[in-house]
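Note that these values count all heavy atoms, side chains included, but never hydrogens, waters or copies made by symmetry.
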Amino acid sequence: MHTPTDPIVIYRLEGCPFCERVIQHLDSMDLAYESQYVAPLHSHRDAVKRLTGVRSVPAIDDPNTGVAMAESANIIAYLDATYGGR
């Protein structure tokens, strides 16, 4: 298990229930994070596409491990596997 030194960056959309699910999980694990709000239109989410290969949110960029990914269930599984034993 890793101990994070830098905040995890989460790319999210205001009012997105999948984004909120990841935020709640980060909070419950007491992990530091930085929110980056993205444009509502998929076609304007180039930063997320460059990072993860898709334009969907939520997406994270973990500077502690170099992992970037999208999809809330995958993100939560990653957080549990990487930081769950802290």
Side-chain angles (χ1 to χ4, degrees):
M1 301 293 165
H2 287 87
T3 301
T5 54
D6 295 315
I8 295 167
V9 179
I10 178 166
Y11 293 84
R12 62 195 283 203
L13 185 61
E14 190 73 45
C16 165
F18 300 104
C19 299
E20 291 307 313
R21 181 175 169 218
V22 173
I23 293 296
Q24 289 172 359
H25 202 73
L26 286 162
D27 287 340
S28 74
M29 295 182 76
D30 199 28
L31 291 170
Y33 63 89
E34 213 176 85
S35 290
Q36 294 290 324
Y37 288 93
V38 299
L41 293 174
H42 275 78
S43 60
H44 293 174
R45 296 183 194 163
D46 291 338
V48 176
K49 174 133 173 90
R50 280 191 299 274
L51 186 66
T52 66
V54 295
R55 287 188 166 97
S56 61
V57 291
I60 63 163
D61 183 14
D62 186 348
N64 303 289
T65 61
V67 170
M69 64 174 33
E71 212 296 305
S72 60
N74 292 342
I75 293 169
I76 289 171
Y78 163 78
L79 294 172
D80 287 343
T82 307
Y83 300 113
R86 295 187 316 119

Checklist entry - In the single-linkage hydrophobic clustering (I, L, V, M, F, W, Y; side-chain heavy atoms under 4.5 Å), do Met69 and Met29 co-cluster? => result yes

Next on the checklist: Would you say Leu51 ends up clustered with Val9 if hydrophobic residues are merged whenever their side chains have heavy atoms under 4.5 Å apart, either directly or through other cluster members?
Outcome noted: yes

Item to check | Asp6 backbone acceptor or donor facing Asn64 side chain under 3.5 Å | outcome: yes

Checklist entry - What's the shortest heavy-atom distance between Cys16 and Val57, and which atoms? => result SG-O, 4.4 Å

Checklist entry - Between atom CD of Glu71 and atom CD1 of Ile76, what is the distance when rounded to the nearest 0.5 Å? => result 9.0 Å

Checklist entry - How far does OG of Ser72 sit from CD1 of Ile10, to the nearest 0.5 angstrom? => result 9.5 Å

Checklist entry - Between Tyr11 and Thr52, do the side chains contain an N or O donor and an N or O acceptor separated by less than 3.5 Å? => result no

Item to check | Side-chain heavy atoms of Ile75 within contact of Phe18, under 4.5 Å | outcome: no

Checklist outcome for this item: One should read off an interatomic distance between Glu14 CD and Ser35 OG, to the nearest 0.5 angstrom, of 9.5 Å

Checklist entry - Checking Asp62 side chain against Val67 main chain: does a donor-acceptor pair fall under 3.5 Å? => result no

Next on the checklist: I want to check something: taking the side chain as every heavy atom from C-beta on, are Ile8 and Tyr83 in contact at a cut-off of under 4.5 Å?
Outcome noted: yes

Checklist entry - Less than 4.5 Å apart, any side-chain heavy atom of Ile23 and any of Pro58? => result no

Item to check | Flag side-chain contact, heavy atom, 4.5 Å: Val22 against Tyr33 | outcome: no

Checklist entry - What pairs of residues pass the salt bridge (charged side-chain N to carboxylate O under 4.0 Å, His left out) test when at least one of them lies in residues 34-51, not counting sequence neighbours? => result Asp46-Arg55

Checklist outcome for this item: Tightest non-hydrogen contact, residues Val54 and Ala70, listed as CG2-CB, 3.7 Å

Item to check | CG-NE2 distance between Leu31 and His25, expressed to the nearest 0.5 angstrom | outcome: 8.0 Å

